[in-house]
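Note that the structure is a prediction, hence the values are computed from the model and not measured. In the text below, chain A, chain B and the rest are named by the order of the sequence lines, each starting its count at 1. Heavy atoms only: backbone and side chains are in, while hydrogens, waters and symmetry mates are out.
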2 protein chains.
Amino acid sequence: MLELRLVQGGLLKKVLESLKDLVNDANFDCSASGFSLQAMDSSHVALVALLLRSEGFEHYRCDRNLSLGMNLNNMAKMLKCAANDDIVTIKADDASDSVTFMFESPNQDKIADFEMKLMDIDSEHLGIPEAEFQAIVRMPSAEFARICKDLSTIGDTVVISVTKEGVKFSTRGDIGTANIVCRQNPSIDKPEEATIIEMEEPVSLTFALRYMNSFTKATPLANQVTISLSADLPVVVEYRVAEMGYIRFYLAPKIEEEEHMEAQMESRPQAEIKPKTKLKTETQPIDDIKPKIEHNTDTKPKSVVKKPKEENGANGESKPQVDTKAAIEVMDVE
Amino acid sequence: MLELRLVQGGLLKKVLESLKDLVNDANFDCSASGFSLQAMDSSHVALVALLLRSEGFEHYRCDRNLSLGMNLNNMAKMLKCAANDDIVTIKADDASDSVTFMFESPNQDKIADFEMKLMDIDSEHLGIPEAEFQAIVRMPSAEFARICKDLSTIGDTVVISVTKEGVKFSTRGDIGTANIVCRQNPSIDKPEEATIIEMEEPVSLTFALRYMNSFTKATPLANQVTISLSADLPVVVEYRVAEMGYIRFYLAPKIEEEEHMEAQMESRPQAEIKPKTKLKTETQPIDDIKPKIEHNTDTKPKSVVKKPKEENGANGESKPQVDTKAAIEVMDVE
DNA sequence: GCGATGTGAC
DNA sequence: GTCACATCGC
């Protein structure tokens with residue numbers, strides 16, 4: 001028996017709006033500690049992890065661990081039927097193949113219940129270790145979203161470069177280039193507008209803007225976003241979910257590959273090639289960096305996820321992550 | 001000679017916005033008592049009746065009864081050219097084949113007149129008797145609109161079930177089921193938020209959400225809507241037009257047909273079939289329930305409306321309306 | 001014609 | 001920041 005009562009139903013609506021474009025189907029894992037989800041996006045490039053801790057719920061009952069396979073689009077449809085100030089209750093019987101969402105208006109005059117069939121979804125639960133990062137940027141989430149959106153009108157990838165002074169987002173495309181620099185700014189009086197950089201050493205990594213723009217669908221959840229970067233790790237883009245947990249998006253950096261130079265030249269006719277700057281990048285399926293992520297032994301994977309179609313990633317277990325730091329000249333942030 | 005002057009021009013704009021999606025062409029009937037319209041929707045399933053009483057106009061002159069055939073889309077286009085606070089005057093000569101809309105800005109600085117050609121439209125004017133209903137629900141119009149919209153993301157039809165305690169709106173579709181219960185709530189201090197149920201006996205009827213969603217286009221006209229239900233009558237969804245009259249939408253309930261059970265089973269694999277619950281429903285063209293509606297002898301029908309394409313409705317004169325009450329188990333509203 | 005997105009007003 | 005309205009795309 002599962003019964004989770006959440007007073008701020010609007011939160012759950014926003015969580016689903018930020019997940020549904022990235023992931024079609026996923027298992028929600030319910031345990032005594034909370035309500036969580038981990039899933040790869042449909043193209044197996046990005047990974048999302050959601051945690052809503054049990055303490056954040058008004059009422060939280062979870063007699064035994066349950067994995068509820070849901071179609072996130074359908075779940076989002078149902079949650080859309082809740083008003084933002086409705087109280088939302090999620091119910092499931094241990095044996096049942098369906099889940100019930102109950103929406104109560106604040107004055108109790110309207111009570112709605114929506115029942116949705118559950119799905120059997122193959123998934124692999126990875127234990128993601130808390131990694132050490134070379135740089136962690138915290139900044140206003142709306143600003144980050146705006147930057148990603150703006151840059152994607154120019155190019156397909158963003159180079160995120162962090163120095164002590166600030167963070168630079170750069171792109172280039174057929175029509176030109178763009179660089180947006182955000183200075184560090186503690187903004188004591190308005191902490192939600194602060195831009196804070198914690199840095200061990202400068203780092204510069206390249207990512208597909210397409211995914212970044214999916215991640216920023218979570219912007220309504222939090223005023224601030226943190227972007228954690230290390231040369232050979234996926235970036236972590238994290239939005240806190242008010243007092244309850246977080247939604248974290250992981251995306252492997254694009255890898256520099258010299259052997260595809262000619263393809264590069266085609267797509268960026270006006271590229272200025274600098275020595276030591278390898279230009280062609282390939283999106284790395286996140287499965288390939290699995291060796292970096294240890295299996296979390298306290299959860300039991302139901303089955304193994306399908307391998308992505310790309311053959312070149314299939315033997316990633318023994319293939320080292322490229323040295324992104326060496327491949328890209330660290331750009332100065334003025 | 002016809003000359004109707006309406007100070008709240010915005011009302012007429014809203015009336016047309018709520019009619020034009022349902023009905024393409026219709027006759028406006030002008031008599032000494034008021035300005036009215038009655039028309040079936042293009043698929044002959046729903047019926048709409050509008051009344052604007054002469055007393056609601058600042059000036060009302062109608063020398064003899066006139067029937068003005070208009071294309072409602074074109075009329076709506078012209079009325080869109082009026083500001084909401086413009087004074088609108090409708091003029092027509094008895095012999096003319098056109099109508100003039102005049103818009104005056106409140107300070108008289110702007111005067112516009114738009115002339116529109118009239119059409120010759122075959123229509124049948126039905127005298128709709130004031131029926132006795134088993135249940136009349138009055139509720140906030142925006143809430144009803146929201147419910148119909150939400151349910152239509154899940155299913156195609158809505159079952160409206162009324163008990164003393166409240167009204168329940170239910171649907172089911174491929175992705176699951178939904179039930180929304182609105183409790184009775186007199187809301188003395190905010191009458192526009194009240195939900196009032198007058199009930200002779202519990203009633204439960206099924207309707208096509210598509211039409212309901214067309215009806216709710218009239219939501220901007222009134223804070224409240226009344227939904228009048230009886231087992232073997234079309235539902236009446238009524239919006240009052242401020243101090244002037246009403247716009248009423250009629251929709252025949254869907255009929256339970258046992259013979260299509262197997263089609264039902266296909267589309268709802270997980271349906272729990274209860275005894276006495278007939279599952280397959282068919283939309284009943286509103287022509288078929290003509291026997292329930294007497295011809296109004298004080299208006300002269302110009303001609304007879306075309307029969308709907310469906311053969312099974314063509315001989316509806318002698319076909320009894322199904323006993324919906326017996327076919328559907330009355331559901332408890334807790 | 002309906003749904004989704006973006007913009008403007010409260 | 002939220003809600004409603006209008007416009008554009010499917």
Side-chain angles (χ1 to χ4, degrees), chain A residues 8-14 16-22 72-86 105-106 140-143 145-146 148-150 152-153 190-193 210 213-214 216-225 239-242, chain B residues 10-11 13-14 16-25 41-43 45-46 48 71-74 76-77 79-85 140-158 171 173-175 192-193 208-223 249 251 283:
Chain A
Q8 306 170 66
L11 273 188
L12 207 57
K13 294 180 66 172
K14 288 177 190 158
L16 263 110
E17 288 306 305
S18 56
L19 292 176
K20 76 181 169 73
D21 289 339
L22 201 62
L72 299 190
N73 258 298
N74 292 343
M75 183 176 172
K77 267 192 194 173
M78 292 197 165
L79 288 172
K80 271 188 186 164
C81 300
N84 285 326
D85 57 354
D86 278 356
S105 63
S141 58
E143 189 170 349
R146 176 66 194 263
C148 292
K149 184 165 136 292
D150 285 350
S152 65
T153 66
K190 295 184 179 175
E192 71 279 9
E193 292 177 11
R210 173 185 155 210
N213 278 317
S214 281
T216 60
K217 295 278 158 61
T219 302
L221 279 168
N223 288 324
Q224 293 251 311
V225 61
Y239 298 84
R240 295 239 150 239
V241 179
Chain B
L11 273 189
K13 295 180 65 172
K14 287 177 192 159
L16 264 109
E17 287 306 306
S18 55
L19 292 176
K20 74 180 170 69
D21 289 339
L22 201 61
V23 180
N24 294 326
D25 307 309
D41 86 292
S42 342
S43 55
V45 170
V48 57
N71 175 298
L72 299 190
N73 258 299
N74 293 342
K77 271 188 193 171
L79 288 171
K80 271 189 185 163
C81 302
N84 285 327
D85 57 354
S141 58
E143 189 171 347
F144 177 63
R146 173 70 195 263
I147 288 168
C148 290
K149 185 166 135 291
D150 283 349
L151 291 189
S152 65
T153 66
I154 311 288
D156 297 329
T157 61
V158 57
T171 195
D174 293 342
I175 70 168
E192 72 278 10
E193 292 179 12
L209 278 164
R210 177 187 151 203
Y211 294 99
M212 287 292 172
N213 278 318
S214 281
F215 301 167
T216 60
K217 295 277 159 64
T219 302
L221 279 168
N223 287 324
F249 300 96
L251 178 63
T283 292

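- For B/Asp41, the side chain to side chain contact (heavy atoms under 4.5 Å, CB included) criterion is met by B/Leu22, B/Ser43, B/Val45, B/Ala46, B/Tyr211, not counting sequence neighbours.
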*Sugar-phosphate atoms are those with a prime plus P, OP1 and OP2; base atoms are the rest. Using that split, label each nucleotide of nucleotides 1-10 of chain C B, S or - for protein heavy atoms under 4.0 Å, 5' to 3'.*
SS-S------
*Produce a footprint string for nucleotides 1-10 of chain D: one letter per nucleotide, 5' end first; B if the base is under 4.0 Å from any protein heavy atom, S if only the sugar-phosphate is, - if neither.*
S-S-------
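- By the side chain to side chain contact (heavy atoms under 4.5 Å, CB included) test, A/Asn223 is found to be paired with A/Glu192, residues two or more places apart in sequence or in another chain being considered.
- With sequence neighbours excluded, the residues that form a ring-ring contact (aromatic ring centres under 6.0 Å, His included) with B/Phe249 are B/Phe215.
- Under a 3.5 Å cut-off, the side chain of A/Thr219 and the backbone N or O of A/Ala142 do not form any donor-acceptor pair.
- Of the inter-residue distances, the one linking A/Glu17 atom CD with A/Lys80 atom NZ reads 4.5 Å to the nearest 0.5 angstrom.
- A/Arg210 meets the salt bridge (Lys or Arg N to Asp or Glu O under 4.0 Å) test with no other residue; sequence neighbours excluded.
- Here CG of B/Leu151 is found 6.0 Å from OG1 of B/Thr171. Values are rounded to the nearest 0.5 Å.
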